[in-house]
Amino acid sequence: MATSKIKKDDLVKVIAGKDKGKEGKVLAVDTKNHKVLVEGVNKVFKHTKPSMQNQAGGIVEVEAPIDISNVMYLYKGQAVRVGFKGDKKDKVRVAKVNGKLENID
């Protein structure tokens, strides 16, 4: 399995879809299905039955996962491409800014 270029707690910008242009923090990454869960993006309504935790039930608004290809990493407020530098031992993520590589981590 290839390493994901987007990690949990990264700031990302949505570049496609109904929420294009919105920015948010990554809450979860599903590398198997190539999906990310971004805070405040792709809100959907979910109908819930009454349970012990939620006595009333009803309609709840939650974030739904979006495809990882529809987000870009935010580096100093700018959406940039992400790559890797180094071999397996010291592999680090780098932001590709104006033809230069700058460390992210």
Side-chain angles (χ1 to χ4, degrees):
M1 174 67 62
T3 307
S4 176
K5 295 180 181 181
I6 304 293
K7 306 271 186 204
K8 185 179 175 183
D9 295 328
D10 282 348
L11 287 176
V12 294
K13 183 175 187 173
V14 179
I15 59 169
K18 69 177 185 178
D19 293 318
K20 182 177 180 178
K22 288 188 180 178
E23 299 174 358
K25 186 170 108 174
V26 175
L27 301 174
V29 179
D30 182 6
T31 53
K32 184 178 179 186
N33 297 319
H34 306 288
K35 302 278 185 185
V36 290
L37 193 65
V38 182
E39 185 176 39
V41 174
N42 198 23
K43 293 262 192 169
V44 295
F45 291 100
K46 183 173 175 144
H47 297 260
T48 59
K49 292 174 79 172
S51 64
M52 293 303 278
Q53 291 84 12
N54 183 9
Q55 296 283 333
I59 301 172
V60 182
E61 194 174 17
V62 295
E63 289 112 358
I66 60 175
D67 200 86
I68 202 164
S69 65
N70 293 339
V71 297
M72 284 184 84
Y73 183 80
L74 275 179
Y75 180 73
K76 296 182 180 176
Q78 180 183 5
V80 296
R81 292 181 7 224
V82 176
F84 293 100
K85 186 168 76 171
D87 57 356
K88 289 192 178 195
K89 289 183 183 175
D90 15 295
K91 186 177 182 182
V92 292
R93 288 191 305 162
V94 291
K96 299 178 180 180
V97 185
N98 300 331
K100 301 175 191 162
L101 300 176
E102 297 188 22
N103 261 355
I104 293 174
D105 298 324

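Atom set for the values below is all heavy atoms of this structure, side chains included, hydrogens, waters and symmetry mates excluded. Just so we're clear, the structure is a prediction, and the values are computed from it rather than from any experiment.
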message: Within this structure, what is the CD-CG distance for the pair E23 and L74, rounded to the nearest 0.5 Å?
response: 4.5 Å
query: Rounded to the nearest 0.5 Å, how far apart are NZ of K5 and OG1 of T31?
result: 14.5 Å
message: If hydrophobic clusters are built from ILVMFWY residues whose side chains come within less than 4.5 Å, do V82 and V71 share one?
response: yes
query: Is M72 reachable from L101 through a run of hydrophobic residues whose side-chain heavy atoms are each under 4.5 Å from the next?
result: no
field: By salt bridge (Lys or Arg N to Asp or Glu O under 4.0 Å) - contacts of K22 (at least two apart)
entry: D19
task: With sequence neighbours left out, write down each residue that passes salt bridge (Lys or Arg N to Asp or Glu O under 4.0 Å) with D90, or none if nothing qualifies.
output: none
Search all heavy atoms of [X] against all heavy atoms of [Y] and return the closest pair with its distance.
| X | Y | result |
| --- | --- | --- |
| K13 | A79 | CD-CB, 4.3 Å |
| V29 | K8 | CG2-N, 3.9 Å |
| S4 | F84 | O-CZ, 3.9 Å |
| I104 | V94 | CD1-C, 3.7 Å |

- line: Residue set satisfying side-chain hydrogen bond (donor to acceptor under 3.5 Å, both in side chains) with Y73, at least two apart, ordered chain then number -> none
field: With D9 via side-chain hydrogen bond (donor to acceptor under 3.5 Å, both in side chains) - residues at least two apart
entry: none
message: Could you check whether any side-chain heavy atom of I6 comes within less than 4.5 Å of a side-chain heavy atom of V26, counting everything from C-beta outward?
response: yes
message: For K20, I'd like to know if atom NZ has over 12 heavy atoms of other residues, nucleotides or ligands within 6.0 Å.
response: no
message: Counting only heavy atoms from other residues, nucleotides and ligands, does the tally under 6.0 Å from NZ of K18 exceed 12?
response: yes
Any residue meeting side chain to side chain contact (heavy atoms under 4.5 Å, CB included) with N98, in chain and number order, not counting sequence neighbours: none
- request: Evaluate the side chain to side chain contact (heavy atoms under 4.5 Å, CB included) criterion for residues N54 and T48: first the C-alpha distance (whole Å), next the side-chain angles of each, then the deciding distance (0.1 Å), finally the verdict.
  value: CA-CA 9 Å; N54 183 9; T48 59; 3.6 Å; yes
Show me the side-chain donor-acceptor pairs of residues 56-70 shorter than 3.5 Å, one per line, residues at least two apart or across chains.
from : atom 1 : to  : atom 2 : distance (Å)
E63  : OE2    : G40 : N      : 3.0
D67  : OD2    : S69 : N      : 3.1
D67  : OD2    : S69 : OG     : 2.7

